[in-house]
Amino acid sequence: MRRFSTFNLVSVTFGFAFLYLPIVILIIYSFNASRLVTVWAGFSTQWYVALLHDQAILDAAWVTIRVALFSATVATVLGTMAAIVLVRRRRFIGRTLFSGMIYAPIVMPDVITGLSLLLLFVALNFDRGFWTVALAHTSFTMCFVAVVVQSRLLSFDLSLEEAALDLGAPPFRAFFLVTLPVIFPAVAAGWMLAFTLSLDDLVISSFTTGPGATTLPMKIYSQVRLGVTPEINAVCTILVALVTIGVLIASVVGKTGMRATEAA
Amino acid sequence: MKQALGAVRRKFQPWNDPASRPFIEFRNVSKQFGSFTAVDHQTLTVFEREFHALLGPSGCGKTTLLRMLAGFEEPSEGEIWLDGKNLAGVPPHRRPVNMMFQSYALFPHMSVEKNIAFGLKQDGMPRGEIAARVDEMLKLVKLEPFAKRRPDKLSGGQRQRVALARALAKRPKVLLLDEPLGALDKKLREATQFELVGLQESLGLTFLIVTHDQEEAMTVADRISVMKEGKIAQIATPAEIYEAPSSRYVADFIGSVNVFEGTVESSSPGRLQLETDQGFTVRTATAPVLGAGTKAWFAVRPEKMRIDHDRPEGDGVNMVSGEVWDIGYLGDVTVYNVRLDSGKLVRASVMNAQRAVARPISWEERVWLSWSDDAGVILLD
């Protein structure tokens with residue numbers, strides 16, 4: 001391996017600083033004893049304690065977690081099914097259209113996705129609230145799951161499933177006993193990805209929400225408009241921690257799992 | 001015991017017995033993939049306890065035949081019968097056949113014993129019986145110390161044994177083997193071929209193997225179907241295929257062969273004389289009666305040719321002279337490529353029975369090739 005040159009060192013430092021300095025400052029100030037965001041007055045965890053007594057924030061957090069759990073789970077089931085159809089069925093009417101459309105939500109601006117979902121719910125006369133947010137999140141995270149699972153299925157040796165059939169397992173049982181355990185790391189990674197995407201979504205939630213269904217990012221955004229408080233810093237720090245853990249687990253599970261199953 | 005098995009093997013010829021009942025039957029089976037015809041109206045009968053090999057180059061339809069029997073593909077036309085039952089519409093998991101896959105297809109998330117037990121569990125076999133059968137299978141393939149290991153912690157040869165044990169665990173009516181030894185190195189492959197034959201004989205099962213390796217097919221099989229472009233070119237025992245191929249394709253696919261094109265001069269039962277395009281005359285005792293002037297080919301194996309410095313005695317038939325073009329010393333045999341005056345290369349191989357020869361044949365020497373009346377065959381295709 002080549003050693004770092006000065007240039008490399010400087011560019012890496014600046015790059016990381018550019019990416020992570022704001023987050024680091026946010027995390028540091030969440031432990032600030034002062035109410036003023038810009039003045040350091042010693043270490044304190046009082047804002048985390050204050051959070052526990054802020055019912056509005058806690059409600060928003062609870063909504064967010066429920067939305068994320070529901071949408072990630074449903075999106076994983078649907079996304080996995082879509083991936084299987086796209087990989088296994090080489091030919092069916094509308095395949096090209098379908099495979100193109102599964103990627104579209106990834107590149108679609110959130111504003112458009114949110115607006116179109118809002119229009120759909122209004123047209124269907126669907127009362128906006130928890131379920132509209134959850135469905136909206138399911139719809140935009142599903143394609144991410146589909147992409148992750150699809151890439152794993154492409155390298156899946158189909159003769160594994162054939163062997164299960166050959167040994168007497170009916171198609172559904174063959175899928176659950178052999179195919180699913182083998183591609184499970186990718187499915188789990190897809191779920192984690194969907195969960196974190198849902199957790200920090202602001203735009204689509206704002207469009208599709210209704211009374212009593214304020215998510216944490218929405219709550220934070222509305223509070224920040226009244227001024228940044230250390231309490232918000234504390235919430236954000238927790239969110240950052242959650243998302244980081246989620247992404248780390250997703251990538252570790254995905255990588256080690258795939259190495260183990262592909263080696264065989 | 002070995003002797004007894006050998007005796008059984010020699011006597012085992014149900015295909016010559018009109019009373020014997022077919023076990024596997026492909027009746028006029030075709031398989032199309034889009035516009036590509038993988039198998040073209042083929043009929044094949046395999047008997048119980050037979051070790052049958054489907055042999056051919058890649059893309060000849062041999063794997064498609066196997067997969068149709070396993071149920072992974074449905075025939076486009078024709079019927080497949082097994083043990084008196086039509087298999088049409090029977091899904092793979094209800095067919096009494098098991099397959100050993102080319103990639104072995106071991107379940108990576110299960111230990112060796114769980115892999116072997118998988119099929120037995122699907123049948124709802126009691127737990128105790130499963131354990132006993134798994135132990136028996138592990139012993140059969142000599143893998144007892146590896147029962148708890150995952151497939152990725154095994155060598156290629158061990159994985160191959162697990163795949164075999166898993167496919168045999170359910171005691172299928174037919175074991176299907178799709179290029180089962182392709183991933184093994186040559187030494188291990190040869191040893192495993194003999195083990196397969198031993199297993200097949202001691203278990204008394206019907207084996208259907210797909211291979212592109214002619215030596216493998218000759219070693220293991222009772223009968224071989226040589227395939228070409230979706231059609232079976234010849235079905236016969238290894239010896240018949242080698243000594244009496246039905247066409248130039250079969251003769252050329254199995255071993256090496258010298259083929260001379262010619263015209264029939266005279267023909268009577270047990271004797272046919274052919275004038276080759278190379279200008280020499282061939283006389284053979286093993287040929288059908290053909291009209292004079294018929295175009296035909298004379299095929300003769302390299303090891304059936306004698307090579308001498310001097311012109312052999314005789315009437316000048318079944319001999320031709322040429323110049324030694326190339327010599328390949330392979331240890332057990334020496335292969336001579338002899339260039340006839342017409343420019344055609346002919347191959348002759350000689351067993352190295354002695355360590356030293358008094359007058360060795362050398363490059364660019366003039367030599368005579370000769371053969372006996374029953375050395376070669378006349379082919380019409």
Side-chain angles (χ1 to χ4, degrees), chain A residues 76 80 84-85 87-96 148-149 151-191 252-264, chain B residues 33-34 63 66-67 69-73 90-112 114-125 149-154 156 158-159 162-163 165-172 174-179:
Chain A
T76 301
T80 304
I84 288 168
V85 169
V87 174
R88 295 283 172 82
R89 304 242 126 198
R90 287 273 152 238
R91 258 180 289 218
F92 62 87
I93 295 167
R95 187 185 185 280
T96 320
V148 172
V149 176
S151 71
R152 175 64 188 96
L153 273 176
L154 283 174
S155 63
F156 176 79
D157 179 7
L158 209 59
S159 59
L160 282 180
E161 200 171 298
E162 285 181 343
L165 293 172
D166 186 64
L167 290 166
F172 264 102
R173 211 187 306 159
F175 177 79
F176 282 105
L177 288 180
V178 173
T179 311
L180 194 57
V182 173
I183 65 165
F184 184 75
V187 175
W191 188 90
V252 169
V253 165
K255 269 192 198 133
T256 56
M258 273 174 211
R259 225 178 290 134
T261 53
E262 269 168 12
Chain B
F33 294 105
T63 300
L66 198 74
R67 289 175 59 82
L69 184 55
F72 300 132
E73 315 282 356
V90 180
H93 62 277
R94 296 224 183 85
R95 296 194 179 195
V97 300
N98 284 132
M99 182 145 158
M100 189 183 151
F101 290 80
Q102 185 172 12
S103 64
Y104 306 149
L106 298 179
F107 306 134
H109 57 297
M110 296 181 195
S111 64
V112 167
K114 291 243 169 70
N115 262 284
I116 297 173
F118 186 91
L120 305 170
K121 270 190 200 150
Q122 303 311 314
D123 286 359
M125 194 189 250
R149 286 219 198 160
R150 291 279 181 92
D152 60 334
K153 299 277 186 287
L154 297 175
Q158 289 165 340
R159 282 185 211 178
V162 178
R166 187 179 69 178
L168 282 172
K170 289 180 75 171
R171 308 247 163 90
V174 184
L175 179 71
L176 309 174
L177 303 116
D178 185 8
E179 304 268 4

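Computed from a predicted model, the values in this text were never measured in an experiment. Letters A, B, ... mirror the listed sequences (proteins, then strands); counts begin at 1.
For Met110(B), the part lying under 4.5 angstrom from a heavy atom of chain A is the side chain only. In this structure, the portion of Arg67(B) lying under 4.5 Å from any heavy atom of chain A is its side chain and not its backbone. Both the backbone and the side chain of Ala164(A) come within contact range of chain B, with heavy atoms under 4.5 Å apart.
Side-chain contact check for Pro91(B) versus Leu165(A): every heavy-atom pair is 4.5 Å or farther apart. Inter-residue side-chain proximity for Arg173(A) and Gln122(B) is flagged as met; some heavy-atom pair is nearer than 4.5 Å. By the 4.5 Å heavy-atom criterion applied to side chains, Phe72(B) and Asp166(A) are counted as neighbours.
In terms of heavy atoms, Lys170(B) sits closest to Leu167(A) at NZ-O, 2.7 Å. Nearest approach of Phe101(B) to Ser159(A), heavy atoms of both residues: CD2-CB, 3.6 Å. The two residues Pro108(B) and Leu160(A) come nearest to each other via the heavy atoms CD-CD1, 4.0 Å. The two atoms that bring Ala169(A) and His93(B) nearest to each other are O-CB, 3.4 Å, heavy atoms only.
Residue-environment remark: CZ (Phe175(A)) exceeds the threshold of 12 foreign heavy atoms within 6.0 Å.
Residues passing the side-chain hydrogen bond (donor to acceptor under 3.5 Å, both in side chains) test with Arg88(A) are Glu161(A), sequence neighbours excluded.
In terms of heavy-atom pairs under 4.5 angstrom with chain B, the leader among Asp157(A), Leu158(A), Val178(A) is Val178(A).
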